[in-house]
Amino acid sequence: ALSRTVKRLEGALGVKLFDRVGKRLVLNDDGRRLLGGVRRAMRYVDDVCRQLGDEEVVRGELKVNSTTQLGTAWLLAVVPVLRERYPELTLSFVPGGGDLVPSLLQGRIDLALVETPLRHAELSTARLGRGTSSVYCGRAHPLYERAELTTEEIVAHEFVAPPDLPGPPLDDWPAEVGRRVGLRVDQVRVALQACLDGHFLAVIPDDVAAPACDRGELWRIPYEGISPSTVYALSRQALHEDDAAGLVVAALQEHVPAER
């Protein structure tokens, strides 16, 4: 049935859309062009449906995936601004599920926050900013107020860390330096609380940790092995100026802390 459908479509268009590779059918250049056009058309229809009733209102669900703890922290910080500007827009954090490009193109993800920019004809890449993270501990931790520590002394204690996914650690801990992880969480605010409780060390964005440090609740561990990271936003090419992903990216660029 699928083969007949493909033949009818190719007959109607007058071009071949697939090449046979072994027992598989693989999209050729014309097939990929048609697929891109269909995706853009379906996105436009979906966007129009979201705006029915009041075209000035940005509404619906924006599915976000973040592979960077710093990007997640920045997005959470700008949520109050987004709620005020776009009260009918809902942000949903979703898992990436491997290669982000097909997830973005197929609409499983609308916005991805990453540390490595991607180049693709149907995707938009925006630089959000560059930030730093450090190792912290709470007041009850035995390393609190220790001014000099070796790496061996630091990694002798357990960390709270993000999920263990393929690629570099999401919190920017150097992959070549082993550490013991006693708790894994997928939200930087939960990691911060676990750190504040004094049970674990944590790599936390400095902007997130600053208020607790000023109150004396957190101590910055003297470890300089964590490099600054640059965060990028990936989304599908905007079809119009009120594209929800583009509006969220613009808000992030307005409110990301100045680079130090």
Side-chain angles (χ1 to χ4, degrees), residues 63-80 82-83 91-97 112-115 128-231 252 255-257 260:
K63 298 180 288 294
V64 182
N65 170 260
S66 177
T67 60
T68 161
Q69 184 171 258
L70 185 60
T72 301
W74 286 348
L75 183 57
L76 290 174
V78 85
V79 163
L82 296 172
R83 297 302 305 145
L91 297 182
S92 298
F93 280 87
V94 298
L113 304 180
V114 300
E115 292 186 10
L128 296 182
R130 186 172 174 86
T132 58
S133 297
S134 302
V135 181
Y136 290 91
C137 70
R139 183 185 292 275
H141 197 277
L143 297 186
Y144 188 83
E145 292 190 328
R146 290 281 301 276
E148 294 185 8
L149 289 165
T150 66
T151 299
E152 290 72 20
E153 289 175 310
I154 295 171
V155 298
H157 295 267
E158 288 189 326
F159 281 72
V160 54
D164 187 16
L165 301 176
L170 299 184
D171 59 0
D172 293 320
W173 176 261
E176 68 276 9
V177 180
R179 62 173 171 174
R180 294 190 298 138
V181 175
L183 177 65
R184 292 195 182 276
V185 298
D186 61 1
Q187 297 181 34
V188 65
R189 299 290 178 179
V190 178
L192 174 63
Q193 187 58 54
C195 186
L196 284 167
D197 290 342
H199 301 302
F200 300 100
L201 301 177
V203 180
I204 299 173
D206 293 322
D207 296 311
V208 174
C213 281
D214 292 342
R215 296 191 298 267
E217 298 171 354
L218 280 184
W219 176 256
R220 182 182 182 277
I221 299 292
Y223 177 71
E224 306 304 325
I226 301 173
S227 301
S229 58
T230 302
V231 180
L252 279 164
H255 292 84
V256 163
R260 292 189 289 268

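All values reported here derive from a predicted model rather than from experimental measurement.
- Heavy-atom minimum distance, Cys137 versus Cys195: CA-SG, 3.5 Å.
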Step-by-step side chain to side chain contact (heavy atoms under 4.5 Å, CB included) determination, Leu201 to Tyr223 = CA-CA 12 Å; Leu201 301 177; Tyr223 177 71; over 6 Å; no
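- Screening Thr67, Thr72, Asp171 for a side chain to side chain contact (heavy atoms under 4.5 Å, CB included) involving Pro162 leaves a single residue, Asp171.
- In this structure, Leu128 CG and His255 NE2 are separated by 13.5 Å, a value rounded to the nearest 0.5 Å.
- Nearest approach of Ser66 to Gly71, heavy atoms of both residues: OG-C, 4.1 Å.
- The two residues Arg179 and Pro169 make their nearest non-hydrogen contact at NH2-CB, 4.1 Å.
- What you find for His157 and Pro142 is that their closest heavy atoms are CE1-CG, 3.6 Å.
- Here the OH atom belonging to Tyr144 is positioned 4.0 Å from the CZ atom belonging to Arg139, to the nearest 0.5 angstrom.
- Note that the OG1 atom of Thr132 and the CG atom of Asp206 stand 3.5 Å from one another [nearest 0.5 Å].
- The side chain to side chain contact (heavy atoms under 4.5 Å, CB included) with Val135 is formed by just one residue from the set Val203, Val155, Leu143, Leu149; it is Val203.
- Of the residues Leu113, Asp207, Thr68, the one that meets the side chain to side chain contact (heavy atoms under 4.5 Å, CB included) test with Trp74 is Asp207.
- A 4.5 Å side-chain heavy-atom check between Val231 and Val256 finds every atom pair outside the cut-off.
- Nearest heavy-atom pair, Pro205 versus Gln69, reported as atom, atom and distance to 0.1 Å: CD-NE2, 3.7 Å.
- Side-chain contact check for Glu158 versus Leu183: every heavy-atom pair is 4.5 Å or farther apart.
- Nearest heavy-atom pair across Ser229 and Leu70 is OG-CD2, 3.5 Å.
- In this view, Phe159 and Trp173 satisfy the ring pair (Phe, Tyr, Trp, His ring centres under 6.0 Å) rule, not counting sequence neighbours.
- Remark: Ser134 OG to Ile204 CD1 distance equals 9.5 Å, nearest 0.5 Å.
- From Leu76, atom CG reaches atom CG of Leu82 across 10.5 Å, with rounding to the nearest 0.5 Å.
- With rounding to the nearest 0.5 angstrom, the CG atom of Leu91 is 8.0 Å from the CZ atom of Arg83.
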